[in-house]
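Protein chains get the first letters and strands the later ones, always in sequence-line order, with residue 1 at the start of each.
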Protein chains: 2
Amino acid sequence: MGAWQHDAVSFPDAVALLALTPLFQGAGREQLTALAGRARFRRYDTHDAVFRAGDAADTLSVVARGSVRVYRAGPGGREFTLGIEGPRQMLDLAAVLDSAGRHTAHAHALGEPTQLLSVPADLARHIILHTPALAGAVITHLARREADGQRRLDALVFSGVGARLAAYLLDHAGAPHALPRNSELAALLGTVPEIVSRKLGEFYRLGWIDLARRTVTVMNPAELQRVVTGD
Amino acid sequence: MGAWQHDAVSFPDAVALLALTPLFQGAGREQLTALAGRARFRRYDTHDAVFRAGDAADTLSVVARGSVRVYRAGPGGREFTLGIEGPRQMLDLAAVLDSAGRHTAHAHALGEPTQLLSVPADLARHIILHTPALAGAVITHLARREADGQRRLDALVFSGVGARLAAYLLDHAGAPHALPRNSELAALLGTVPEIVSRKLGEFYRLGWIDLARRTVTVMNPAELQRVVTGD
DNA sequence: CGATATTTTGAGTAGCGTCAAGATCTGTGG
DNA sequence: CCACAGATCTTGACGCTACTCAAAATATCG
């Protein structure tokens with residue numbers, strides 16, 4: 001568990017953060033102050049658990065600094081990453097909004113000292129439901145996530161690791177991009193680190209990507225795209 | 001495309017159907033009549049397309065009779081079933097509620113002559129957003145679907161076809177259950193018909209299920225459960 | 001009873017996961 | 001700046017699962 005702190009500066013910071021959060025764009029000052037009034041900052045060190053599957057989803061958290069990885073755990077220590085949420089993103093909104101909600105995934109802090117702002121779930125729920133603009137934003141957000149989820153499902157069903165890795169590379173490599181560890185990539189793609197290593201090596205040998213000290217550059221987007229599409 | 005009809009009896013029928021739809025439980029008479037006033041019934045024969053990926057999601061449809069399979073198409077004619085919606089269920093709610101929405105999946109009618117009630121998307125959206133009880137129901141619904149989607153994702157990542165089939169059997173076989181075609185099962189589980197056939201045969205030979213004329217009965221739930229969990 | 005669809009089964013293949021060893025990287029303390 | 005320890009990456013060898021293609025068996029329906 002991470003240490004948490006709540007100091008005098010919290011309140012204005014909380015209002016400012018909430019005001020910048022995409023999902024709370026439609027909120028008025030009144031709602032923001034109500035939320036901020038019961039909000040608390042917490043700080044987490046890298047790898048601290050933010051929540052675990054089975055925990056009651058009684059607070060809605062917004063990332064203030066750092067990032068949080070939400071994942072499911074499988075047998076043999078394998079993990080599957082559902083998402084990595086950075087600043088201004090919310091954690092497991094779905095579980096929090098489902099009134100009987102329990103978290104169905106684990107989440108832990110990544111990278112830099114991570115700071116989250118948490119507000120009680122029932123308050124967040126109440127305010128969201130009674131502010132049409134917020135409800136609309138939340139619904140749009142959940143709808144998009146469902147579409148994303150469907151895309152991920154059929155990537156798993158219809159295509160192989162090579163295709164999923166190629167898609168990742170095309171997404172994240174307009175500019176040269178610092179690759180995460182192979183184990184993180186594997187968790188993102190639904191495979192194991194060894195396979196990621198082999199596929200990366202393969203793309204490199206084909207000259208489709210350049211790879212130096214964990215920095216990747218896409219050299220041949222067209223060929224990668226062909227792999228995504230399915231040879 | 002299916003033939004459609006709109007007759008004099010439509011309106012009261014539409015109000016009645018909407019009133020029974022789980023998602024519209026929170027709607028008042030006023031909202032129901034507004035929706036029903038612009039609703040139209042359409043009838044589809046088996047295999048008629050209800051919508052296709054890429055179509056504008058400009059109407060929200062509720063199943064009145066029959067059922068509709070929503071699926072994504074992969075290479076080589078393979079399909080992956082996202083869901084089968086029966087009476088009082090809504091079709092691809094997520095796409096309809098995402099304002100810029102286009103359908104990202106295909107849908108076609110199944111079984112009996114299928115009848116759908118469709119209301120314009122913008123009207124549905126407007127009414128939902130301005131009725132807190134409705135917004136709440138929609139949000140809860142989308143949240144549950146996200147949880148379902150996550151469960152399906154990790155079933156694909158962490159377990160094999162055998163485990164997914166066993167889970168299906170345990171879900172649908174309190175009572176003896178009429179199995180769908182192997183191709184439908186395959187689309188549901190993310191595999192191909194041949195594998196479904198083999199796995200069913202295997203469970204049968206082990207005595208875990210009984211299988212006669214496409215009617216399956218679970219004989220040994222404990223062993224099937226072990227397969228789901230992961231040996 | 002015949003025609004067609006569906007299921008079953010066999011045989012071959014490709015992709016992925018596992019295990020284990022070796023190579024490379026990273027950070028630390030001397 | 002170097003040496004060392006621990007982590008991470010790479011690579012090989014192997015087995016298993018699932019997919020493909022094709023043919024035979026069975027079921028379904030008129």
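- In this structure, Leu156(B) atom CG and dT17(D) atom C1' are separated by 15 Å, rounded to whole Å.
- In this structure, the OH atom of Tyr204(A) is 14 Å from the P atom of dT24(C), given to the nearest Å.
- Once rounded to the nearest 0.5 Å, the distance linking NZ of Lys199(A) with CG of Leu185(A) reads 14.0 Å.
- Nucleic acid contact class of Arg205(A) (heavy atoms, under 4.0 Å, all strands): sugar-phosphate only.
- Atom CD1 of Ile195(B) and atom C1' of dC16(D) are 12 Å apart (whole Å).
- Following rounding to the nearest Å, Leu200(B) (CG) and dT6(C) (P) show an atom-to-atom distance of 16 Å.
- Side-chain atoms of Arg78(A) and base atoms of dG17(C) include no donor and acceptor less than 3.5 Å apart.
- The stretch residues 176-188 of chain A has no heavy atom under 4.0 Å from DNA chain C, so no residue of it qualifies as close.
- Residue Asp148(B) is tested with Arg152(B), Arg151(B), Arg144(B) for a salt bridge (charged side-chain N to carboxylate O under 4.0 Å, His left out); the sole match is Arg151(B).
- Rounding to whole angstrom units, CZ of residue Phe158(A) and C1' of dC19(D) are separated by 14 Å.
- For the pair Ser197(A) and dT11(D), the criterion of a side-chain N or O lying under 4.0 Å from OP1 or OP2 is not met.
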Verify side chain to side chain contact (heavy atoms under 4.5 Å, CB included) between Leu165(A) and Phe203(A), making sure each step is shown before the conclusion.
CA-CA 10 Å; Leu165(A) 177 57; Phe203(A) 291 164; 3.9 Å; yes
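- Note: CG (Leu165(B)) to C1' (dT17(D)) measures 15 Å, nearest angstrom.
- To the nearest angstrom, C1' of dT10(D) lies 15 Å from NZ of Lys199(A).
- In this model, a side-chain donor or acceptor of Arg198(A) finds a partner on the base of dG12(D) within 3.5 Å.
- Within the 4.0 angstrom heavy-atom criterion, only backbone atoms of the sugar-phosphate kind lie near Arg214(B); the bases stay farther away.
- Here the side chains of Leu200(A) and Asn182(A) are in contact, with some heavy-atom distance below 4.5 Å.
- Note: CD (Glu194(B)) to C1' (dT26(D)) measures 16 Å, nearest angstrom.
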For salt bridge (charged side-chain N to carboxylate O under 4.0 Å, His left out), just list the numbers for Arg69(B) and Glu184(B), CA-CA rounded to whole Å, side-chain angles, deciding distance to a tenth of an Å, and then say yes or no.
CA-CA 10 Å; Arg69(B) 187 171 76 102; Glu184(B) 284 183 46; 5.9 Å; no
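- Note on the helix from dC1(C)-dG30(D) to dG30(C)-dC1(D): terminal axis deviation equals 40°, with five pairs used at each end and the result rounded to 10°.
- Nearest to the side-chain atoms of Thr191(B) among the listed nucleotides dC19(D), dT9(C), dT28(D) stands dC19(D).
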Pair Arg205(A), Glu202(A) - check salt bridge (charged side-chain N to carboxylate O under 4.0 Å, His left out), show working.
CA-CA 5 Å; Arg205(A) 259 168 263 122; Glu202(A) 194 179 311; 6.0 Å; no
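- Residues Tyr44(B) and His108(B) place their aromatic rings such that the two centres sit no closer than 6.0 Å.
- Ring geometry for Phe158(A) versus Phe80(B): interplanar angle over 60°, hence perpendicular rather than tilted (30 to 60°).
- The shortest side-chain heavy-atom distance between Phe41(B) and Leu116(B) does not fall under the 4.5 Å cut-off.
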